[in-house]
Every structure is written in structure tokens, then in C-alpha cells.
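To keep things clear, I will list the structure first and then write my remarks on it.
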Amino acid sequence: MKRFQHFVLVGAIALIAGCGGAEVADQDAASSTTADSAYLANSEPADAMPVGEAREKAADGQELTLVGLIGGSTEPFVDGLAAFTIVDPKIPYCADEEGCPTPWDYCCTQDQVKDNIATVKVVDESGAPVSKTARELLGVNELATVVVHGVAKRDDQGNLTVETSDVFVRSSK
């Protein structure tokens, strides 16, 4: 539990930090050939709920399907674990014209992110977190749209984490 609270604290600090100086990620650079197909869904799960709605409705232990964009901070991926944060698709991320080098941190709409963000943790068949970054495991980058089916976990502060072993990555257009 303390490790998760530390993760939430680090994520909150990164969110508050706002726009950083990193280069904008090229979504097309993510290659499914480097991804681990054991954790990638072949088809998109039906009835996906946006992150904001799930934060309002999902109970601890509830099975759910969630859709969101990878982001919410300058570093949405957790080093050494297949975990990352996603933001409700209705929240606009910063455009290049706004001068934000890291649009996935939502620095232009941070006030909307706190109620529209969730953590996705990829777990193995025993429920243990996969110890490979999600970027490597799933072949994804920031702002990729993912649909996950899993179990909701709530902490004392109301933060939402979804534990899943099945992630569907929508193709970029």
C-alpha cells in the first residue's frame, strides 16, 4: 500500500510540475512488433467507460472496461513496471500551437485532469505486476488510446487503478 501511495504522490508531483522540456513523442514510433502479445487484446472490448465516469461510478473490486489516453503527467509510465496513467478522452491535451513540448502532461487543462485520470497496472496470471515498462511490453507511447478490461482498485483518497492483463491499443489515425 505504501508503494502505491508513493506512486500516487510522485504522479501528483509530476502533474503539478506542468509542461516539461521533453520532445513530443511520435505515436507511430511505437511498434507492435516489440510488444508482448500475451498482454495485448486482439479486439477492442465492448462498452468501454471513459475515465471520468469510471472514477465516479466504479467500486473497489468491480470488473470494468475503461478507455483513455496515456498521459496526465510529463512521465506517465512507471519505470520498471507495466503501469501508466490514462486520461479521459474528453479532456483536451495541449496542442503544438500552444507551445507545449509535452502535450501528454495536459499542462493547459490540468484543473480537469485530477477528476479524469486513472492508473493502469498490467498484471500477470497470478495478479503480480509485470516488471517490464508498459512502453516496451505493449509498444505504446504517450497519447496512445488504450482500452483495458480489468478490476477496479480504489485507495483511501478515491484514486482509481485498474489491474488488467489485457490491453487493447487503438491504432493512431
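- Checked by atom type and distance alone, the side chain of Thr85 pairs as donor or acceptor with a backbone atom of Gly71 at under 3.5 Å.
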Chi angles and distances behind the side chain to side chain contact (heavy atoms under 4.5 Å, CB included) call for Leu64, Val162:
CA-CA 8 Å; Leu64 78 158; Val162 177; 4.2 Å; yes

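- For Pro103 against Leu143, the heavy-atom pair with the smallest separation is CG-CD1, 4.1 Å.
- When all heavy atoms of Ala134 and Ala83 are compared, the pair lying nearest together is CB-N, 4.2 Å.
- Considering only residues two or more places apart in sequence or on other chains, Val151 meets the side-chain contact (heavy atoms from CB on, under 4.5 Å) condition with Lys153.
- When hydrophobic clusters are built by joining Ile, Leu, Val, Met, Phe, Trp and Tyr residues whose side-chain heavy atoms come closer than 4.5 Å, directly or via intermediates, Val123 is not grouped with Leu138.
- The two residues Trp104 and Tyr106 make their nearest non-hydrogen contact at O-CD1, 3.0 Å.
- A continuous path of hydrophobic side-chain contacts links Leu66 to Tyr39 [ILVMFWY only; heavy atoms under 4.5 Å].
- Annotation: the span from Leu81 atom CG to Asp79 atom CG amounts to 9.0 Å, rounded to 0.5 Å.
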Given side chain to side chain contact (heavy atoms under 4.5 Å, CB included), test Val146 with Phe84 step by step and report yes or no.
CA-CA 11 Å; Val146 296; Phe84 53 94; 4.0 Å; yes

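- Both Val148 and Leu137 are members of a single hydrophobic cluster when ILVMFWY side chains are connected at heavy-atom separations under 4.5 Å.
- Note: Thr161 OG1 to Asp155 CG = 7.0 Å, rounded to the nearest 0.5 Å.
- The OG atom of Ser165 lies 13.0 Å from the NZ atom of Lys121; values are rounded to the nearest 0.5 Å.
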Side chain to side chain contact (heavy atoms under 4.5 Å, CB included) between Glu142 and Leu69, intermediate numbers included:
CA-CA 8 Å; Glu142 294 86 350; Leu69 279 74; over 6 Å; no

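- The closest side-chain donor-acceptor pair between Thr133 and Glu136 falls under 3.5 angstrom.
- What you find for Ala59 and Arg154 is that their closest heavy atoms are C-CG, 4.2 Å.
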Derivation of the side chain to side chain contact (heavy atoms under 4.5 Å, CB included) call for Tyr93 and Asp105:
CA-CA 7 Å; Tyr93 54 86; Asp105 70 4; over 6 Å; no

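- In this structure, the side chains of Phe77 and Val140 come closer than 4.5 Å at one or more pairs of heavy atoms.
- Transitive grouping of hydrophobic side chains (ILVMFWY, heavy atoms separated by less than 4.5 Å) keeps Val67 and Val169 in distinct clusters.
- Using modelled atom types and a 3.5 Å distance limit, the side chains of Asp166 and Thr164 yield no donor-acceptor pair.
- Across all their heavy atoms, Gln112 and Pro92 have their closest contact at OE1-CD, 4.2 Å.
- In summary, the side chains of Asn116 and Arg55 do not present any donor paired with an acceptor at a separation below 3.5 Å, with no hydrogens or angles considered.
- In terms of heavy-atom proximity, Cys107 sits nearest to Cys100 at SG-SG, 3.1 Å.
- Under a hydrophobic-cluster definition in which Ile, Leu, Val, Met, Phe, Trp and Tyr are linked whenever side-chain heavy atoms come within less than 4.5 Å, directly or via other members, Val147 and Ile70 are assigned to different clusters.
- A distance of 8.0 Å separates OG1 in Thr119 from CG in Leu160, rounded to the nearest 0.5 Å.
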Which atom pairs, one a donor and one an acceptor, fall under 3.5 Å between side chains of residues 41-53 and the rest of the protein, sequence neighbours left out?
from  : atom 1 : to     : atom 2 : distance (Å)
Glu44 : OE1    : Arg170 : NE     : 3.3
Glu44 : OE2    : Arg170 : NE     : 3.2
Glu44 : OE2    : Arg170 : NH2    : 2.7
Glu53 : OE2    : Lys57  : NZ     : 3.1

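- Remark: side-chain polar atoms of Asp88 are not paired, donor with acceptor, to backbone N or O of Ile91 under 3.5 angstrom.
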